[in-house]
Amino acid sequence: MHKDNKDDLRKLFVGLDKKVNVEGKGRIIPINFDNAATTPPFKRVMKKILETSEYYGSIERGDGQKSLYCSDLYEESRNYLLKYFNAPEDIYTAIFVANTTDGLNMVSNILINSKDDIVITTRMEHHSNDLPWRGKCNLKYVEVREDGRININDIEELVDKYRERIKYITITGASNVTGYINDIKRIAKLIHKYGGKIIVDGAQLVPHKRVSMCQEDSSENIDFLVFSGHKIYAPFGSGAIIGLKESFNMNPPDSKGGGTVDLVLDDREIWLNTPEKNEAGTPNLFGAVAIMEAMKEVERIGFDTIEKNEKELLKYIIDGLKDLSRVRLYADNENINDRLGILVFTIDGMSYEEVGEKLSEVRGIGVRQGGFCSHPYTRRVLGIADNELQNYISKNGVPGLVRVSLGIYNTKKEANIFLETIEYLCRRYAK
Ligand code: PLP
């Protein structure tokens, strides 16, 4: 494929040119700048789902030919994931879950043994990597700096203070609000110093960057990674945990039932090994296959192309917004090397809700507005201090911003339409 040909890339997706109704404009092709929330499916994914459905049968539970075919395909998807993430199967397992939230809940339920276990997390997290840990362990939060980046020195201080008492650090690979990419290798090395382990929320990172569980220097390895299929062009209700086999084998499963046991006696049960033990109930074959096919497509396109396109477009939109005097950009928009294609802004004289609604109403542009399921981080990005928060909320409601998040297929033409529309909103609606 020609590296910069966006038309070729767009052809790989279902529905990008499907028109929607925009009042006063009729039916137009919408613009999706909300890829951090959910992405459109690859054609390749849909084709494979349709093919597979002709052979659909019970997974891991039958001797019929269709059942065997589906069970093999399910295991093929699992093995593909292990290879893709450079996770040797004698050390790591791949467990299919519903999404990142489900996976992080499962990991926290299984790994935490005592309320005294110290777990480090950060103020950059999505609620899905914050709330599952609250109340279960001794949670220590690492602050973010004024520019919204994590303060790695704080992690180092905590590690040196609590040493072996720290069991885990659970941290996002990249922020869903600012797109900052965390230095996972460096953080892994810090946490491994006294035997702690690292859990990475890969919901935003995995779709945009190659992630490897193992590094040349093994102290930089990732121990657990969780991500969602629907954010990587595979919308069939699936996600996965790639994690240390031993940890799952050592602990009882979180969700129990059919498929998790070798033998059930009247008064006790013998668990299977992971991953079966951790996948209660009939597996989601289409979800697993969708992720495998999506990753094959992403590999084929290549992360060089993906990262280059998304970064160029990010810069283009940031530069365009900087020219509009009513627009306020947040986070570090000068050095964007460590950012995914995500940017947040507000318009003076308009609420964030209004901006999101008007972009859709006026030109069929889909963005996300609000606190992005990351309330503690969003208010920090906005610069609202602890002692101002209550007052701010009673006057303005939940602190929020407007977010643009890019995908593989977004184009400069779309960016221009977006910038023109923002300029129009500033003129027409800002008070
Ligand atoms: N973590 C991050 C960083 C996210 O951006 C999201 C979703 O936006 C999640 C976790 C939760 O993902 P899901 O809704 O697929 O469970």
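Just follow the structure's listing: the first ligand is 1, and inside any ligand the first atom is 1.
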Measure from NZ or CZ of Arg10 to the centre of the six-membered ring of Tyr409, then state whether that distance is under 6.0 Å and the direction lies within 45° of the axis. no
The one among Ser228, Gly202, Gly229, Ala174 that brings a heavy atom closest to atom 15 (O) of ligand 1: Ser228
Between His208 (side chain only) and Glu307 (backbone N and O only), is there a donor and an acceptor less than 3.5 Å apart? no
Atom 1 (N) of ligand 1 has as its nearest protein heavy atom Asp201 OD2, 2.6 Å
Please state which option from Asn129, Thr101, Val97, Ile342 has its nearest heavy atom closest to atom 11 (C) of ligand 1. Thr101
Applying a 4.0 Å heavy-atom criterion (strictly less than), which segment of Lys231 is in contact with ligand 1: side chain, backbone, both, or neither? side chain
Between Lys296 and Glu299, does at least one N-O distance fall below 4.0 Å, as a salt bridge requires? no
Thr100, portion touching ligand 1 at heavy-atom distance under 4.0 Å: both
among protein heavy atoms, the one nearest atom 5 (O) of ligand 1 is Gln204 NE2, 2.6 Å
Indicate yes or no for a side-chain donor-acceptor contact from Asn333 to the backbone of Ala331 under 3.5 Å, with no hydrogens or angles considered. yes
Strictly below 4.0 Å, N to O, side chains only: are Lys189 and Glu156 in salt-bridge contact? no
Rounded distance (nearest 0.5 Å) linking atom OH of Tyr80 with atom CG of Leu82: 12.0 Å
Which ligand 1 atoms, with their elements, are less than 4.0 angstrom from a heavy-atom of Thr172? 3 (C)
Got Asn273 and Phe248 here, is their nearest side-chain heavy-atom distance under 4.5 Å? no
Does His230 have a heavy atom less than 4.0 Å from any atom of ligand 1? yes
Please state which protein non-hydrogen atom is closest to atom 4 (C) of ligand 1 and give its distance, to 0.1 Å? His126 CD2, 3.3 Å
